[in-house]
Amino acid sequence: MIKIVGSYLSPYVRKVLACLEAKDLAYEVDPIVPFFGDDRFSKLSPLRRIPVLIDGDLVLSDSSVICQYIEDKQPEPALFPADIRDRARARWLEEFADTRMGDVFIWRLFNQIAIRPSVWGEKGDRELVDRTLKEDVPAVLDYLESEAPAEGFRFGPTLSIGDIAPACFFRNAAWVRFQIDAARWPRADAWMGHTLASPPFKTLAKIEDAILRTPIPEQRNALMALGAPIAGETFATGAPRRGIMPT
Ligand SMILES: N[C@@H](CCC(=O)N[C@@H](CS)C(=O)NCC(=O)O)C(=O)O
C-alpha cells in the first residue's frame, strides 16, 4: 500500500492525493505538518518537506517526482497528455504552479496569515500580504488567464497535471479569503472552478474542510474519526522545529 506523508492542508500533498484519487489507487496518509516531523522524518525527507511517498522500500520526495512515479506505476487514466508538446506544456504548468504559485499563495499569503500564527505563535507580515495581493497575485492570474482553455480542462476533455497543479493552490488561497475575481479573469476562474469541481478534488475537499479549524495535535484523531485513510504509524512529534530550506 502506498503511504503519503504530509498534511491534507498542503497544496503539494493535495496534488499527489488528487493523482492517486484520479487513478483510484489505494493509499494511506500520515497527515503531518512538516515542522512537526521527528528525526526519522529528517531521514525520509532530506529537505524536511512534505509530501513524501513510501511504497515498500521506495521513498520519494517532491510532489512532481511523486506524481510522475504514480503515472508510471498506474498509467490509466493518463494524467500527462499523450502529445509530447502538450505533455511538455503540462509539465511547465506544473512547474509554474509549484514554484511561482507556491511562493505567492503559500509563502507570502498562507504562511503569513495561517501558518505563522498557528504553528509559531507569530504575527504575519501584513505589509507583505497587501503587496502580494496588489502585485504578485494579479500577475499570476494574468498568466493563468492567458493559458486558460475556452472551456473544460487545459489539454482536452480529461483532467491532467496541468489542471491539477495550479488548482491545488486555490484551496489554500480560499482559506485565507482569496477568490479569483471572475469579472477580471473569467477564463482562469472557470478553468480552476471546473478543476476543483472534479471528483478527486471534491473527495479531498470534504476531508480538508472537516479539519481546517482543528488544532494540529488533534487532526490525526479527527481524520480517523472521519474515516479518512490514516496510517497506523506517524512521523509526527510534539514540538515544531524550523524548516531547513529558505522559502
Ligand atoms: N517542491 C516541493 C515543495 C514542497 C513544500 O514546499 N512543501 C511544504 C508544505 S506545503 C513544506 O514541506 N514546507 C516545510 C519547509 O519548507 O520547511 C514539492 O513539490 O513537493
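Note that ligands are numbered from 1 as they come in the structure, with each ligand's atoms numbered from 1 the same way.
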Donor-acceptor pair between T214 and E218 side chains, under 3.5 angstrom: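 Note: T214 and E218 side chains miss the donor-acceptor criterion.
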
Backbone or side-chain N or O of D62 under 3.5 Å from ligand 1 N or O: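 D62 vs ligand 1: N/O contact under 3.5 Å present.
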
Geometric N/O contact S63 with ligand 1, under 3.5 angstrom: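 N/O-N/O distance below 3.5 Å exists for this pair.
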
Any I50 heavy atom less than 4.0 Å to ligand 1: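 Per 4.0 Å heavy-atom rule, I50 contacts ligand 1.
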
Proximity flag W107 to ligand 1, non-hydrogen atoms under 4.0 Å: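 It does; at least one heavy atom falls under 4.0 Å.
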
Shortest protein contact, atom 6 (O) of ligand 1 (heavy atom only):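 Here the nearest protein heavy atom works out to R49 NE, 3.5 Å.
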
F110 ring center near F105 ring center (under 6.0 Å):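 Ring-ring flag for F110/F105: false, centres at least 6.0 Å apart.
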
Near-ring test W191/F153, centroid separation under 6.0 angstrom: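 No, too far apart.
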
Show which atoms of ligand 1 fall inside a sub-4.0 Å distance from at least one heavy-atom site of [X].
X	answer
P34	11 (C), 12 (O), 13 (N), 14 (C)
P51	20 (O)
G243	17 (O)
S10	9 (C), 10 (S)

R87 NZ/CZ over W92 ring centroid, <6.0 Å and within 45° of normal: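 Geometry flag: not set, cation outside 6.0 Å or 45°.
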
More than 12 heavy atoms of other groups within 6.0 Å of D181 CG: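 For D181, atom CG is crowded (more than 12 foreign heavy atoms under 6.0 Å).
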
Over 12 foreign heavy atoms within 6.0 Å of CD, E135: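 Buried by this count: over 12 neighbours within 6.0 Å.
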
Partner set under ring-ring contact (aromatic ring centres under 6.0 Å, His included) for F41, not counting sequence neighbours: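 ring-ring contact (aromatic ring centres under 6.0 Å, His included) check on F41 returns nothing, list empty.
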
